[in-house]
Amino acid sequence: MRAQLLYAVYVPTFILAFCQGMLALLLPVYVIDLGLSFSLIGLVLAGYGIGTLIGDLPAGGIQDRIGNRRSMTIGICVMGLGMLALSQSERVVMLVLCGISIGAGAALWNVSRHAYLANNTLNESRGRAISVFGGVNRIGMFAGPIIGGYLSAEAGMQTAFAFCGVIALLALIFPFLFVRDGQGELPPEQRTSMARSYRHLLSYLRHNGWLVTPAGFGMICAQTIRAGRQTIIPLYAATVLGLDVDKIGLVMGIAAAVDMSMFYPAGYVMDRFGRKFAYVPSFLLQALGMALIPLTGSFAALLAVTSLIGFGNGLGSGTMLTLGADLAPPKGEGMGAFLGLWRLIGDTGHTSAPIIVGTIADALSLVPSIYVIAIIGLGSGSILGLFVPETLKKPSAVGAEPAASG
């Protein structure tokens, strides 16, 4: 099973995270070089998030309809072609459309790989399997900007975008060869229809709204503080502390290294002690670190606080994906649709974080926005800890379900 997960999920996840890490560096620099206004730059950079928000819910129904193998390959293909198209795009409309297409493809890829992990892992070992996936994703995102920066400096931005698209398309090999789920090979009349998938979802939510509602609010808050740190740390370092870009990069790089080092301990804690023992301290530590940022007045102090935030985020590696897989209904009963909804909830929080930070910072200053994000992180740990039951099933209680059947 480990070899199956390695080639079906982990390897393509690393490849695509590497490509997304490249884009995280290349696209902002590229649009700035085009001389666009800040509003247009923001619109271009928002394209990916818009695409995922649009694509998350339909992706769940598509996954239920055509199965993991086909939905994975389609998602990867759309992402790769969108990245290739960036190499030929200089107009704002085309750049936004490319971003939306990459985001929509990522939505289908994300939901289908999540469903694959949920279907091919046991509850008592799922935390480790998904936390490894989270670690692989972090490593790819960490390596991408390093290679992307070097390649764009040596060969130009267009070449770097083209390289990114080609590498992404190479990831098609792995789901095509190693994923078998049966759904996509059934005759059309025997497959789960999208309408039936969403009917299953609505039925499940009616029976389990008491559980899904607090979990969903906790997920929104969790993804908000995770995305908020990526906006706040460089802004605070540059505008308040006046650090140079190389020192800001060092702060974020060391924090990312601490983050990456925690993925296996996070999975062990989830499977040995329970999901709550990982995600509750994860978000409380991030909230504490965020609240300490305005108290820092030097490079060393900021580095210490961001490392604490990185430690907290690393302890939460894969926790929200694991919780979503634990809560999802069984395969054939709306699993894909539920996981698409789960991704939509999380992406809503992720997309809202920069908006919250920017709006409050414009109205007041950066420091109040930092405290708001810290309070949201505190809310995440509190909601998930107090109102969501433990979803780890101990071997002696395998028959127990975290929620009533939908």
Side-chain angles (χ1 to χ4, degrees), residues 5 9 13 52-53 55-64 68 71-72 75 106-134 137 197-198 200-201 204-205 207-224 226-227 263 266-267 270-271 274-276 278-280 282-283 316-350 380-381 383-385 387-393 401-403 405-406:
L5 291 177
V9 176
T13 289
T52 57
L53 290 175
D56 281 332
L57 203 55
I62 292 170
Q63 189 279 328
D64 280 334
N68 288 317
S71 54
M72 281 178 171
L108 186 54
W109 159 247
N110 289 334
V111 170
S112 56
R113 70 181 176 184
H114 196 177
Y116 185 87
L117 285 166
N119 283 323
N120 290 277
T121 55
L122 299 174
N123 178 274
E124 61 267 24
S125 61
R126 182 175 292 150
R128 279 167 290 179
I130 295 184
S131 68
V132 170
F133 153 79
N137 194 72
S197 176
Y198 291 121
H200 281 308
L201 174 62
Y204 180 80
L205 293 177
H207 288 86
N208 299 281
W210 62 274
L211 174 60
V212 176
T213 299
F217 277 112
M219 171 71 153
I220 289 176
C221 294
Q223 298 305 92
T224 300
R226 281 178 157 173
F263 71 84
M270 279 193 282
D271 289 341
R275 317 310 194 204
K276 285 177 180 284
Y279 59 64
V280 172
S282 167
F283 297 114
S317 177
T319 53
M320 292 298 95
L321 290 176
T322 302
L323 180 61
D326 288 347
L327 296 178
K331 181 180 179 180
E333 297 182 22
M335 173 183 278
F338 176 85
L339 294 179
L341 175 63
W342 189 249
R343 295 289 316 191
L344 177 62
I345 291 170
D347 287 339
T348 299
H350 193 275
S380 174
I383 293 169
L384 292 172
F387 301 107
V388 179
E390 177 57 58
T391 57
L392 171 66
K393 304 174 192 174
E401 293 290 339
S405 172

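Bear in mind the structure is a predicted one, so any value in this text is a computation, not a measurement. FYI, side chains are in, hydrogens and waters are out, and symmetry mates aren't considered; it's all heavy atoms of this structure. Throughout, residue positions are numbered sequentially from 1 according to the sequence presented.
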Item checked: Sequence-distant partners of N123, side-chain hydrogen bond (donor to acceptor under 3.5 Å, both in side chains), two or more places apart ->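 Counting only residues at least two positions away or on another chain, N123 forms a side-chain hydrogen bond (donor to acceptor under 3.5 Å, both in side chains) with D326.
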Checklist line | Test side-chain hydrogen bond (donor to acceptor under 3.5 Å, both in side chains) applied to N110 - qualifying residues, sequence neighbours left out | finding: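 In terms of side-chain hydrogen bond (donor to acceptor under 3.5 Å, both in side chains), with neighbours along the sequence ignored, N110 is linked to R113.
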Closest approach of [X] to [Y] (non-hydrogen atoms, all atoms of both residues):
X: G340; Y: V111; value: CA-CG2, 3.7 Å
X: S131; Y: G267; value: OG-CA, 3.1 Å
X: P214; Y: G209; value: CD-O, 4.1 Å
X: A325; Y: A118; value: CB-CB, 3.8 Å

When rounded to the nearest 0.5 angstrom, what is the spacing between [atom1] in [X] and [atom2] in [Y]?
X: I62; Y: L57; atom1: CD1; atom2: CG; value: 10.0 Å
X: K276; Y: T319; atom1: NZ; atom2: OG1; value: 12.5 Å
X: T391; Y: L323; atom1: OG1; atom2: CG; value: 5.0 Å
X: N120; Y: R126; atom1: CG; atom2: CZ; value: 10.0 Å
X: D271; Y: T322; atom1: CG; atom2: OG1; value: 7.5 Å
X: D64; Y: Y198; atom1: CG; atom2: OH; value: 8.0 Å

When you measure from the side chain of [X] to the backbone N and O of [Y], does any donor-acceptor pair fall under 3.5 Å?
X: E124; Y: L392; answer: no
X: R275; Y: M270; answer: yes
X: Q63; Y: S71; answer: no
X: S112; Y: N68; answer: no

Next item on the list: Just grab all the side chain to side chain donor-acceptor pair (under 3.5 Å) pairs involving residues 214-224, residues at least two apart or on different chains.
Entry: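 Those involving residues 214-224 are Q223-R226.
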Checklist line | Pair W109-T13, side chain to side chain contact (heavy atoms under 4.5 Å, CB included): steps then yes or no | finding: CA-CA 9 Å; W109 159 247; T13 289; 3.5 Å; yes
Check: Looking at V132, L117, I130, which hits side-chain contact (heavy atoms from CB on, under 4.5 Å) with V9?
Finding: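 Among V132, L117, I130, the one that satisfies the side-chain contact (heavy atoms from CB on, under 4.5 Å) with V9 is L117.
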Notebook entry, point to check: Does F263 reach the side chain of N137, with side-chain heavy atoms less than 4.5 Å apart?
Noted result: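 No, every pair of side-chain atoms sits at 4.5 Å or beyond.
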Those residues that, when tested against [X], pass side-chain contact (heavy atoms from CB on, under 4.5 Å) (two or more places apart):
X: L53; answer: L344, D347, T348, T351
X: A328; answer: M335, F338, L339
X: A222; answer: F283, M320, S380
X: P330; answer: E333

